[in-house]
J.: 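Provided herewith is a single structure, encoded as structure tokens, for subsequent inquiry.
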Amino acid sequence: MRDGLIAELRSHGATIDAGGLATDFGDAEAELAAALDAVALVDRSRFARILGRGRDLPDLLHRLSTQDVARLAPGRGAETVLTSPKGRVVERLFVHHLGERGLLLIAAPGRIDAVLSHLARYTFAEETGLEDATATTASLALVGPRAGDVLERLGLPRPEPLGGASATLAADVVDVLGGNGVSREGLAVVLPAGGAPAAWAVLH
């Protein structure tokens, strides 16, 4: 599913590494300036994304992490740290409440197995409905102080930091998140992987 997005990135001058990551677009200095002073669009699709639709997931996360996520309201979010019973860090998670569609958990690239294994270890009768959505979705982040201007131009909602809102972009239903996958700064659009090339073209 990544082929279409990679082709779109290359059409904008991207250099793609062996792992399918865009390393630059031909002018690293200008790209850094855009991220610091204006806005830059970044492919964050390699970050782990987990959907959880089970009614017991918020309480389970509350018991296994450092923040109160059990009482998150739809459209809100939290940054938390998944820990072991001895308090050792397992993974930092961004938790976004998507309303009736459940919770979206975002973790670092390559950490999907560690997170799912840890949650499964402490799941007994709880209904969590966990699903690895990393390959079936894409995440496009807007980084920089003018990230919100892009959403405004496209008529998309701008959620509060760590919040989330549903919208339509390039014919797909998407989730606009208050955060860029690394921090609560910036914004991100999570959408079906097949729609990523068209979304990139619109957001660019």
Side-chain angles (χ1 to χ4, degrees), residues 1-3 5-6 9 16-23 42-72 74 76-99 101-143 159 161-164 174-194 196:
M1 291 189 182
R2 291 271 305 159
D3 292 347
L5 180 56
I6 289 174
L9 296 175
I16 307 296
D17 69 11
L21 180 68
T23 58
V42 184
D43 176 22
R44 290 266 163 81
S45 299
R46 296 208 303 184
F47 280 66
R49 289 176 297 285
I50 301 167
L51 281 172
R53 299 183 175 88
R55 63 182 182 180
D56 299 320
L57 180 58
D59 182 65
L60 179 66
L61 288 173
H62 175 73
R63 290 186 278 116
L64 297 179
S65 70
T66 58
Q67 292 292 331
D68 182 1
V69 298
R71 293 180 289 183
L72 276 181
R76 306 294 294 274
E79 180 181 359
T80 191
V81 177
L82 199 62
T83 62
S84 72
K86 295 184 178 180
R88 294 178 179 173
V89 173
V90 176
E91 181 63 23
R92 181 178 69 160
L93 295 176
F94 291 96
V95 182
H96 301 275
H97 197 316
L98 304 181
R101 292 186 294 120
L103 301 183
L104 173 63
L105 316 180
I106 298 179
R111 295 294 294 164
I112 188 73
D113 290 340
V115 172
L116 288 176
S117 295
H118 186 77
L119 294 176
R121 187 176 299 120
Y122 297 100
T123 299
F124 301 98
E126 294 91 349
E127 295 180 18
T128 60
L130 293 172
E131 172 191 346
D132 179 1
T134 309
T136 58
T137 62
S139 180
L140 306 179
L142 294 161
V143 180
L162 299 178
V174 305
D175 292 296
V176 184
L177 306 179
N180 60 35
V182 176
S183 75
R184 64 178 62 206
E185 301 297 327
L187 300 153
V189 176
V190 175
L191 72 163

J.: Report the distance from atom OH of Y122 to atom OG of S84, rounding to the nearest 0.5 Å.
T.: 6.5 Å
J.: ring-ring contact (aromatic ring centres under 6.0 Å, His included) with H62: which residues, sequence neighbours excluded?
T.: none
J.: Just verifying a value: how many Å separate S139 OG and D43 CG, rounded to the nearest 0.5 Å?
T.: 8.0 Å
J.: Check the surroundings of atom CZ in R121: do more than 12 heavy atoms from other residues, nucleotides or ligands lie under 6.0 Å from it?
T.: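 Counting neighbours around CZ of R121, more than 12 heavy atoms of other residues, nucleotides or ligands fall under 6.0 Å, so yes.
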J.: Short question: side chain of H118, backbone of T83 - any donor-acceptor pair under 3.5 Å?
T.: yes
J.: Which atom pair, heavy atoms only, marks the closest approach of A138 to A196?
T.: CB-CB, 3.7 Å
J.: Heavy-atom count check: over 12 atoms from other residues, nucleotides or ligands less than 6.0 Å from R76 CZ?
T.: no
J.: Would you say D3's side chain and L5's backbone share a donor-acceptor pair under 3.5 angstrom?
T.: no
J.: Nearest 0.5 Å please: distance from the CG atom of L116 over to the CD atom of E91.
T.: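 If we round to the nearest 0.5 Å, L116:CG and E91:CD are 11.5 Å apart.
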J.: Please find the pair of heavy atoms, one from I106 and one from F47, that lie closest to each other, and give the distance.
T.: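 The answer is CG2-CB, 4.4 Å.
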J.: Side-chain polar contacts of residues 50-57 - donor-acceptor pairs under 3.5 angstrom, sequence neighbours left out - could you list them?
T.:
| unit_1 | atom_1 | unit_2 | atom_2 | d |
| --- | --- | --- | --- | --- |
| R53 | NH1 | E131 | OE1 | 2.8 |
| D56 | OD2 | E127 | N | 2.7 |

J.: Would you confirm whether T80, through its side chain, and T66, through its main-chain N or O, come within 3.5 Å as a donor-acceptor pair?
T.: yes
J.: Donor-acceptor pair, R111 side chain versus V90 backbone, under 3.5 Å?
T.: yes
J.: Kindly compute the distance separating CG (L60) from CG (L119), expressed to the nearest 0.5 Å.
T.: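 Output value for this atom pair is 6.0 Å.
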J.: L61 and side-chain contact (heavy atoms from CB on, under 4.5 Å): which partner among L72, L105, T128?
T.: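 Per the side-chain contact (heavy atoms from CB on, under 4.5 Å) rule, the option paired with L61 is L105, out of L72, L105, T128.
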J.: With a cut-off of 3.5 Å and sequence neighbours excluded, list every side-chain donor-acceptor pair involving residues 181-190.
T.:
| unit_1 | atom_1 | unit_2 | atom_2 | d |
| --- | --- | --- | --- | --- |
| S183 | OG | E185 | N | 3.1 |

J.: What distance separates L104 CG from D175 CG, expressed to the nearest 0.5 Å?
T.: 7.0 Å
J.: Distance check, rounded to the nearest 0.5 Å: E79 atom CD versus Q67 atom CD?
T.: 8.0 Å
J.: Keeping the roles fixed (side chain from H96, backbone from L162), state whether a donor-acceptor pair exists under 3.5 Å.
T.: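 Side chain of H96 to backbone of L162: a pair is present.
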J.: Looking only at non-hydrogen atoms, find the nearest pair between L177 and P159 and report the distance.
T.: C-CG, 3.7 Å
J.: Locate the shortest heavy-atom distance separating A107 from V115; write the atom from each residue and the value.
T.: CB-CG2, 4.2 Å
J.: Would you mind checking if R49 and D132 are paired as a salt bridge, meaning a charged N to carboxylate O distance below 4.0 Å?
T.: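 Looking at D132 and R49, the cut-off is not met.
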